[in-house]
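To keep things clear, I will list the structure first and then write my remarks on it.
We use all heavy atoms of the structure for the numbers below, so side chains are in, but hydrogens, waters and symmetry mates are not.
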Amino acid sequence: MNIFLIPFTPMRHTSVAVVCAALCAIAWWVVLALTWSGPPWSASWDGPIFLGTLAAAAGGGSMLAEGALRRWPMWRRALFTLMGVGSSTLFALLFYAAWSALLGPAVLGEELSDPSLVSLRFRLLGWLSAGFGAGVGPMMVRRFKGGLSHLVGGVVAGFVGGLVWYVLGYKPYNLGTDLFLASALGATSFGFAYGLFTWGVPDELYAGWLRVLTVTRHARRIPINAPDGTPRERFVGHFPRGLDLFLPAEEGVLELHVSVLLNRRGEFRARGLTLEPTSVQRFLERVDLSYDKRRPAPLDTRLASGDRIVMGKAGSKTVVEFLMLPREER
């Protein structure tokens, strides 16, 4: 996991999902390897060992990915990963035991204790227990940040993993009655859904930048975020002193033309500060920010990565682009 290789697009949230899916697939292989010459445990332990290992791989993988993205020291990465593995395993096994030994028999009867039954009716709550435990563990390690996404995402992961496992192992589909392929893809689906819904790459790892696209001062760029993370406003124009981004007057830029600010809610916004043509352009949308004398304050609009700010009249326009880049970018 390298923050410099993950662009600021919605697809960035699949990065952690891929890591968790790969680790859950490895966890499935490890459990399978231990049973190659016969499992060293009784058949009644197949479920808790398999699902507990998946929970450990998903929870630990999420913490490992966060440590790599945040550039934590190696000792801290190892510590938080082990905490994620231990807490996920513990809660997954506790919830599994509560279902299989207490609540399950009262609802479904003593048939639940038969390990040969692979019906979704009997095993879905086991998958949900693993997902819920994998969500609770890292949630506590992260000091309850994103609590709802952890709980809901864990349950969704358990449901997706159990559903894939059951559908692919269902005999009429002729995909193998030994549940080999079903358990492999069920484990992988569990990890992918867990990484996708519980914890994604946070916006705080990125910072806003302005980059000049026109020939004059092409590729000149400045950061928007303050070093300490406090709100900040950057001004663009050709006023000789004090502006953050100087652009020549010959390009249609006024002394004080536009500003881009980061407000207290963490939003990036562009404000038009002149009567001259000023607009923000994005796919299928154009926002006019030219100052309206009838309004008490300048017009502004929220910025997204890739938006372009066009300043000046036709024939003498200057274009700058707003980008979200890794905070460590220089």
Side-chain angles (χ1 to χ4, degrees), residues 3-4 6-13 201-330:
I3 191 64
F4 287 101
I6 304 176
F8 189 83
T9 65
M11 290 299 293
R12 72 185 185 277
H13 297 298
V201 181
D203 295 351
E204 64 192 55
L205 296 181
Y206 296 86
W209 289 73
L210 278 182
R211 181 181 65 166
V212 182
L213 296 183
T214 49
V215 176
T216 305
R217 309 207 77 184
H218 178 71
R220 164 70 176 172
R221 63 183 186 180
I222 60 170
I224 307 300
N225 298 61
D228 58 357
T230 57
R232 187 176 190 178
E233 186 169 11
R234 292 284 204 170
F235 294 90
V236 180
H238 74 256
F239 198 78
R241 297 180 63 183
L243 290 185
D244 300 295
L245 180 58
F246 176 84
L247 296 172
E250 294 78 9
E251 298 290 336
V253 181
L254 272 292
E255 289 89 344
L256 193 60
H257 203 118
V258 71
S259 70
V260 177
L261 62 94
L262 172 64
N263 60 25
R264 297 185 182 278
R265 295 193 297 270
E267 298 175 343
F268 291 93
R269 307 191 71 89
R271 300 199 306 169
L273 304 177
T274 178
L275 299 175
E276 292 298 311
T278 307
S279 64
V280 173
Q281 298 180 5
R282 55 179 70 100
F283 181 66
L284 297 179
E285 186 177 359
R286 178 182 179 276
V287 182
D288 187 3
L289 294 183
S290 299
Y291 187 78
D292 189 346
K293 294 183 291 185
R294 297 169 297 179
R295 296 178 58 88
L299 294 171
D300 70 336
T301 184
R302 187 170 182 174
L303 289 175
S305 185
D307 289 352
R308 296 187 174 187
I309 303 174
V310 182
M311 296 170 284
K313 299 178 181 179
S316 59
K317 291 182 178 180
T318 295
V319 181
V320 297
E321 184 180 24
F322 175 75
L323 293 173
M324 293 292 289
L325 299 175
R327 187 175 289 274
E328 301 176 22
E329 183 77 27
R330 293 292 181 267

Item to check | Side-chain heavy-atom pair Phe8, Val201 within 4.5 angstrom cut-off | outcome: no
Item to check | Audit row: Asp288, Leu299, side-chain contact (heavy atoms from CB on, under 4.5 Å) steps and yes/no | outcome: CA-CA 8 Å; Asp288 187 3; Leu299 294 171; 6.0 Å; no
Checklist entry - Does any non-hydrogen side-chain atom of Leu289 lie less than 4.5 Å from one of Thr301? => result yes
Next on the checklist: Ignoring hydrogens, what is the shortest heavy-atom contact between Arg12 and Pro7? Give both atom names and the distance.
Outcome noted: CB-O, 3.5 Å
Next on the checklist: So, taking the atom named CD1 in Ile6 and the one named NE2 in His13, what distance separates them when rounded to the nearest 0.5 Å?
Outcome noted: 10.5 Å
Item to check | Where Arg327 and Tyr206 come nearest, the two heavy atoms and their spacing | outcome: NH2-O, 3.4 Å
Next on the checklist: Would you say that Phe246 contacts Val253 through its side chain, given a criterion of any heavy-atom pair below 4.5 Å between the two side chains?
Outcome noted: no
Item to check | Counterpart residues, salt bridge (Lys or Arg N to Asp or Glu O under 4.0 Å), relative to Glu255 (two or more places apart) | outcome: none
Checklist entry - With a 4.5 Å limit on heavy-atom distance, are the side chains of His257 and Leu247 in contact? => result no
Next on the checklist: Would the distance check show the side chain of Ser305 and the main-chain N or O of Met324 forming a donor-acceptor pair, the cut-off being under 3.5 Å?
Outcome noted: yes
Checklist outcome for this item: Heavy-atom closest pair (His238 atom, Pro248 atom, distance to 0.1 Å) is CB-C, 4.2 Å
Checklist outcome for this item: One should read off an interatomic distance between Glu233 CD and Leu262 CG, to the nearest 0.5 angstrom, of 10.5 Å
Next on the checklist: Tell me which pairs pass side-chain hydrogen bond (donor to acceptor under 3.5 Å, both in side chains) where either residue lies in residues 306-320, with sequence neighbours left out.
Outcome noted: Arg282-Asp307
Item to check | Closest contact, heavy atoms only, Gly272 versus Pro298 | outcome: O-CB, 3.1 Å
Checklist entry - Is there side-chain contact between Val260 and Ile309, with heavy atoms separated by less than 4.5 Å? => result yes
Next on the checklist: Tell me the closest heavy-atom pair linking Phe235 and Asp244, and the distance in Å.
Outcome noted: N-OD2, 2.8 Å
Item to check | Pairwise side-chain contact, Glu276 with Val258, heavy-atom cut-off 4.5 Å (strictly under) | outcome: no
Checklist entry - How many angstroms lie between CG in Leu273 and CG in Leu256, if you round to the nearest 0.5 Å? => result 5.0 Å
Checklist entry - Aromatic rings Phe268 and Phe322: how do their planes relate, parallel, tilted or perpendicular, breaks at 30° and 60°? => result tilted
Checklist entry - Between Ser290 and Pro277, which heavy-atom pair has the shortest distance, and what is it? => result OG-CA, 3.4 Å
Checklist entry - Is there a side-chain contact between Thr274 and Tyr291, using heavy atoms and a 4.5 Å cut-off? => result no
Checklist entry - Are there more than 12 heavy atoms of other residues, nucleotides or ligands under 6.0 Å from atom CZ of Arg264? => result no
Checklist entry - Between Arg221 and Leu323, is a side-chain contact (heavy atoms from CB on, under 4.5 Å) present by the stated rule, with each step listed? => result CA-CA 10 Å; Arg221 63 183 186 180; Leu323 293 173; over 6 Å; no
Next on the checklist: Taking salt bridge (charged side-chain N to carboxylate O under 4.0 Å, His left out) as the cut-off, I'd like each qualifying pair that reaches into residues 297-306, sequence neighbours left out, listed once.
Outcome noted: Glu267-Arg302, Arg269-Asp300
Item to check | Sub-4.5 Å side-chain heavy-atom contact between Leu245 and Arg234 | outcome: no
